[in-house]
J.: 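Pasting a structure below so you can have a look.
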There are 2 protein chains.
Amino acid sequence: MRTTIPDEILDRVAEKFRMLGDPTRLVILRALMAGEKNVGMVVTETGQGQANVSKHLKLLAEAGMVRRRKEGLQVFYSLGDPLVEDLCELVCGTIVREAQADVERNRKILKTWGGRS
Amino acid sequence: MRTTIPDEILDRVAEKFRMLGDPTRLVILRALMAGEKNVGMVVTETGQGQANVSKHLKLLAEAGMVRRRKEGLQVFYSLGDPLVEDLCELVCGTIVREAQADVERNRKILKTWGGRS
DNA sequence: TTGAAAAATTCCTGACTGGCTATATAGTTC
DNA sequence: GAACTATATAGCCAGTCAGGAATTTTTCAA
């Protein structure tokens, strides 16, 4: 039996997912998956504006999905726990499976109805 | 080595997460975790308005996270694949760990600085 | 102290979205 | 067909949020 989501943490669960529900944030997190980076590096790597990156990193840090370390002028961010990677891997796997199912379905359709153009 | 998120599916990954990033949708999905239900049952179980539930279910179905089956007047929805449950379980586990860490931290603070009131 | 660099913050705007009410559609029963 | 039920849809409003430009804060170096 699987445990259900307790009411008390529903909002926090939603918050975590909401943080991952934005493509720009995913790109930022993907950049951090390769290792700790400062804001400037994330900016150049993602092509996003500095203000935007800073804002997103703040949100991610507040949600506890990213760690913050200050060193002189620069601030370094890194993934806090493997949760993010695990979640992304699961979802990516599902999407790949969906794509494969699509391909298979189309292959059958073509086999039955398709001819040479 | 972990595979990174391919650019081509970034938006779809974000969409899946975005679907889970709303407390109401989580409640709806939680209801479906117990098994297939028609819209009316989900409405009474979640306490949400009928129009809202219908809209959310439509979104979830479009995102491929919920299956739709029509039977006479009623429409039954069910979880399509175990992805949702897996994701929720992971996040819940993390939040519980965070809470435990908080408790532990506070315990130490009290042990050092706290006295009897 | 002045200047420069990195990051954060503020303000603004446009787009999106959750929830509501009312209405429409589809299917059943009489 | 008329009445009824279950679900879907349309329209509206308020709140939220991503992105950009400009400014501020923080820190280091000269």
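Here is the naming used below: chain letters follow the sequence lines, and residue numbers restart at 1 for every chain.
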J.: Between His56(B) and dT17(C), is there a contact of a side-chain N or O with OP1 or OP2 at under 4.0 Å?
T.: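 False: His56(B) side-chain N/O out of range (4.0 Å or more) of dT17(C) OP1/OP2.
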J.: Between the protein and nucleotides 14-16 of chain C, list the N/O to N/O atom pairs that are separated by less than 3.5 angstrom.
T.:
none

J.: Quick one: is Tyr77(B) getting a side-chain N or O under 4.0 Å of the dA6(D) phosphate, OP1 or OP2?
T.: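 No, Tyr77(B) has no side-chain N/O under 4.0 Å of OP1/OP2 on dA6(D).
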J.: According to a strict under-4.0 Å criterion, is Lys58(B) in side-chain N/O contact with OP1 or OP2 of dT9(D)?
T.: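 For dT9(D), OP1/OP2 do have a side-chain N/O of Lys58(B) under 4.0 Å.
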J.: Taking only N and O in the side chain of Arg68(B), is any of them less than 4.0 Å away from OP1 or OP2 of dA8(D)?
T.: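 Yes, within the criterion.
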J.: Tell me whether the side-chain N/O atoms of Thr24(A) come closer than 4.0 Å to OP1 or OP2 in dG19(D).
T.: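 The answer is yes; a side-chain N or O of Thr24(A) sits under 4.0 Å from OP1 or OP2.
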J.: Flag the pair Arg12(B) and Glu98(A) as a salt bridge only when some basic side-chain nitrogen lies within less than 4.0 angstrom of an acidic carboxylate oxygen.
T.: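 Looking at Glu98(A) together with Arg12(B), the answer is yes, because their closest N to O distance falls below 4.0 Å.
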J.: Using heavy-atom distances to pick each residue's nearest nucleotide on DNA chain D, tell me which of Lys55(A) and Val53(B) is more 5'.
T.: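 Between the two, 5'-proximity favours Val53(B).
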J.: Enumerate the protein-to-nucleotides 23-30 of chain D contacts in which both atoms are nitrogen or oxygen and the separation is below 3.5 Å.
T.:
none

J.: Using heavy-atom distances to pick each residue's nearest nucleotide on DNA chain C, tell me which of Gln48(B) and Ser54(A) is more 5'.
T.: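 Nearest nucleotide further toward 5': that of Ser54(A).
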J.: It should be established whether Asn52(A) places a side-chain nitrogen or oxygen under 4.0 Å from OP1 or OP2 of nucleotide dA18(D).
T.: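 The answer is no; no side-chain N or O of Asn52(A) sits under 4.0 Å from OP1 or OP2.
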J.: Just so I know, are the side chains of Val42(A) and His56(A) near enough to count as touching, which here means a heavy-atom distance under 4.5 Å?
T.: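 When only atoms from C-beta onward are counted, His56(A) and Val42(A) do not touch, as no gap falls below 4.5 Å.
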